[in-house]
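Proteins get letters first, then strands, A, B, ... in listed order; numbering begins at 1 in each.
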Amino acid sequence: MQERLKELQQEAIQKIEQSQSLKELNDIRVAYLGKKGPITEVLRGMGKLSAEERPIMGALANEVREAIATVLEAKQKELEEAAVLEKLASESIDVTLPGRPVKVGNHHPLTRIIEEIEDLFIGMGYQVAEGPEVEQDYYNFEALNLPKGHPARDMQDSFYITDEILLRTHTSPVQARTMEKNQGKGPIKIICPGKVYRRDNDDATHSHQFMQIEGLVVGENIRMSDLHGTLEIFAKKMFGEDREIRLRPSFFPFTEPSVEMDISCMICGGHGCNVCKKTGWIEILGAGMVHPNVLEMAGYDSKKYTGFAFGMGPERIAMLKYGVDDIRHFYTNDVRFLKQFSKHE
Amino acid sequence: MFVSYKWLQDYVDLSGVSASELAEKITKSGIEVEGVDVLNEGITGVVVGHVVERVQHPNADKLSKCQVDIGQGEPVQIICGAPNVAQGQKVAVATVGAVLPGNFKIKRAKLRGEESNGMICSLTELGIEAKVVAKEYSEGIFVFPQDAEVGTDAIALLNRNDEVLELGLTPNRADCLSMLGVAYEVAAILGKDVKLPEIDQQPVNEKATDYITVKVDANEDNPLYAAKVIKNVKIGPSPLWMQTRLMSAGIRPHNNVVDITNYILLEYGQPLHAFDYDRLGSKEILVRRAHDGEKFTTLDDVERTLTSDHLVITNGTEPIALAGVMGGANSEVTSDTTTVLLEAAYFTGGTVRKASKDHGLRSEASARFEKGVDPNRVRAAGERAAYLMAKYAGGEVLEGASEVDTLTVEPAVVSITLEKINNVIGTNMTVAEVEAIFERLQFAVTSEDENITVTAPTRRGDIKIEEDLIEEVARLYGYDNIPKTLPIGSATPGKLSDYQEKRRIVRQYLEGAGLFQAVTYSLTSEEKAAQFALEKRDFIRLAMPMSEDRSILRLSIMPQLLEVLKYNSARQNDSLAVYETGAVFLANGNEVLPEEREHLAGAITGLWHSHSWQGEKKAVDFYVLKGILEGLFAKLGLTESVTYVQAKVDNMHPGRTAEIHLNGERIGFVGQVHPTMQKELDLKDTYVFELSLKAILEEATAPLRYLGIPRFPSITRDIALVVDKETVAGVLKDIIQTAGGKLLKEVNVFDLYEGERMEEGKKSIAYSLKYMDPERTLTDEEVTKVHTQVLEALKNQAGAVLRG
Ligand SMILES: [Zn+2]
């Protein structure tokens, strides 16, 4: 009997180890461990044994069952794992195929430049001021120290609608309006972006409509050195920490002293190239101390208040920064152009 | 203004400062040098030659065979094509091995069988602009005066071993429209003195007043008029050095008298005019306003019709010059002139500007008068010119001048405190430092304690107020030497307004939804201006448009955006999504500014989505765009305030367009572009929207409050309704929501069927209704009660029956 059990154990384990599928394994389980299996049969025959032999045989039978069950379980696990692997293998895909495209647009490059400048100045305590694109001659010219008949009006050929109303030629009227609204009180710190218009034929470097962004600070002790420091922060942020700046005296009717700022050429690093016309410097913006006439006209006591203003063209900045060669690209809106400005930098 | 580096050395010592160094210094202290032109760049091997023999080329009509002595032993043979080459001339010869501009190398050659050992040069071949070459040499070679020495450097003789600085002058610096003005500027920069030009006259014993009387009837336009007389002049070429200086400044030489007036114009910045005294037809000069309709032929032989805005110089009756602009043909200096009447006058800027503009005559002279000449330099300029006419035209200068002088010249005296200077610039200069700067500028300066008083010379008419002094100090101190600080004082909060912030959110949202931002023009054509306009208003038209296409301010963004789609479509980008934010302009009548309303417009066309290798493709449709808008309104907290109303909008598909309402007010539209227009623009199906961005951004939104997460289960009931085809989903939803009351939390359409299995004129629409009470678990009976009410309402109000 004992031998029979051992034999069964060996036989079952052999079959288990040879089995190829979970079903086969299940059949083996039923065949050997089920109620109708040979081990149960053997145990049923225990009645013939003596009282001393019975527990020994019982224990042996259980041992055999357990041994079979253990092997069976291990085999089952092995087969299950194999089955999973086989299933996964059949599910494999080509990971090099392209993914499902996510539809995302992006800012127009000019908006990108303007927001970058806005954010920089917001960080320095400025607010963003906006004003009308169709302006009164008064705010566009007169309040900025450009009375009627002033020769500098020639510098900005304008689109007039009536004798007194025109498309603004710069964003400076927003400064005049903001000062007027503040009724002679400081401080003012604003940045004014927006569209402006001039009578220019559209070509690679001219556009009858373009953007401008200007800044204005008015307060009780605003110095030219503050302008110098502010412009340096701006230049380094927009064009890179290794840029050098150079201020040159210039002339604008609404500032005195007036300033033009150059930055060292980002193309050649200052050694001279075609972009900087071999000078190593690139003109970036105009600025100056607010002209006392402008302050007075807006209701400020120019003995007490001073201020600085600066203005620049986002198109020019974008052209320099991104190497865009034709200003018309900004207004044609070719998607092959627009989509190039999605990358963060 | 073109400034010759060598010529400038007549007035300022430039030793140790190269032309390019000087350019850098001038630029940094206030006048932008736009370029430095090296006149002899790329030229070598050009010498003075003597044409000892000239014969006709045996094989070519238009060529000459010349034997030219170039100072190297035997004369060399040169074939020359210039019509004016002649025996005995002194000429510029590019010898074999010479290099001319454009890297043109001269080699020994055979021309029609004859050997040629070099080239006789025209001035343009030596790099001189054709427009400044004297007329007699414009069609051929240049001829040197006979005293030119054979074999010497022709380029040096032409004063081409020089560099020319091109100054970009701002309107305030008209003082630098003269060599002397530039000299004062450079002297201030370098800390040097200015040497004034020589005037040394021995007048003959006759008075100018014996020859001419001067009367001015328009003193406010012409406060100073001085007439000098130079007799016995011999008209001929001016000295070569003068011609070459004129050429390098951009002026074409004519003859000695005219060249001298132009030379003084450049030297003093004072325009002069030379009349042929004997052609005046009188002994009188009368300056007056022209009569309306008066005719006058200027020396360019154009007859001009004048008005009383124009100032003329007359001989008492007839005009002989348009003041400050151009002389007349009737009194022009010719080769026969022997007595010159020289005008040195001060004409006011406005008068000259008007005349030069009306007649399209912008000249070196008019530009200087327009910007204002130095009133104190008028007479000196006349004296110097007379001196040069004596020296270089053999003339005799009559004593004195016939004059009318009502000009009061008061130099500007401006006072400023040291504190003000330092406060504005941000420096710590001393009185002595500031005084030193004004002294360098040759401004008279005095000081008492820290009050500094400056008298600006009349040549610097731009100096009027304290700030002008500050600028002078700052620029000579050096802008780059100004410290770098940041504004101090009370802090200001840096931030965007709510509106601006929300506008950024709108942009980001739309871009996240797949739309590219476009920026288009505000000016458009009459045809497009009114298309898609939300409000009909009068057109706002430019008084002087540059083209019909850009003549009217837009009332809607949409036409421009469709133009963008068309442009891209024509370039193989026919699936596209774009948006724009920007102002549209609503007229308020002629006298006041228009209302500028910020709009938001979007357009999508072609495929919305395609994933080629997976075979997915989805064309744009109404619901794609509406979904984007719904998301946008949700983002702005406006979901409850916005409704869509089926509507007809011009140029839009009549059955696929909705007006967008905000709290019942129409603020925009969304839908498909009319197929006819789509076809015109060559677009695939295109869906668009435009709305008032102002309206949605200014709409107040409720503050964000957290709502508890529901703790009790909800019960969902689905219903399929059969309704008339015309019944719209929005109405059904309203009925359901009203009837469902508080317990109804959500209503969603989940199916729409209009196919053949439906009765004629009917459609089936299925909703899923979600009921819930946040406070407890609803019972089936409670839900059924409400749900029955919903069904009743649908039946009564919309004739909707449950689909069997
Ligand atoms: Zn460069």
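Residue contact with chain A, scored on non-hydrogen atoms closer than 4.5 Å, is absent for B:S497. In this structure, the portion of B:E591 lying under 4.5 Å from any heavy atom of chain A is its backbone and not its side chain. Both the backbone and the side chain of B:S522 come within less than 4.5 Å of a heavy atom in chain A. With a 4.5 angstrom heavy-atom cutoff, B:I540 touches chain A only via side-chain atoms. Contacts of A:E135 with chain B are made by both backbone and side-chain atoms, with heavy-atom separations under 4.5 Å. Contact of A:F308 with chain B is made through the side chain alone, with heavy-atom distances under 4.5 Å. Using a 4.5 Å cut-off between heavy atoms, B:L510 makes no contact with chain A at all. A:S250 touches chain B through backbone and side chain together, each having a heavy atom under 4.5 Å away. Contacts of A:D163 with chain B are absent, with no heavy-atom separation under 4.5 Å from either backbone or side chain. Heavy atoms of B:N568 lying under 4.5 Å from chain A belong exclusively to its side chain. Residue contact with chain A, scored on non-hydrogen atoms closer than 4.5 Å, involves the backbone and the side chain of B:Y521 alike. The part of B:R550 that comes within reach of chain A is its side chain, from C-beta onward, which places non-hydrogen atoms under 4.5 angstrom from that chain. If you measure heavy-atom distances from B:E563 to chain A, you find no contacts under 4.5 Å at all.
Taking chain A as the reference chain and counting heavy-atom pairs below 4.5 Å, the highest number among B:V564, B:L486, B:T170 is found for B:L486. Among the candidates B:L576, B:I470, B:L515, B:D468, the residue making the largest number of heavy-atom pairs closer than 4.5 Å to chain A is B:D468.
If you check the side chains of A:E130 and B:Q500, you find a donor sitting under 3.5 Å from an acceptor. For A:Y138 and A:E164, the side-chain atoms include no donor-acceptor pair closer than 3.5 Å.
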task = Please step through side chain to side chain contact (heavy atoms under 4.5 Å, CB included) for the pair A:H206 and A:R198, ending with a clear verdict.
result = CA-CA 9 Å; A:H206 295 86; A:R198 289 188 197 172; over 6 Å; no
message = Run the side chain to side chain contact (heavy atoms under 4.5 Å, CB included) test on A:I165 and A:D137 for me, step by step, so that the C-alpha distance in whole Å, both residues' side-chain angles and the decisive distance to 0.1 Å come before the verdict.
response = CA-CA 6 Å; A:I165 296 176; A:D137 185 271; over 6 Å; no
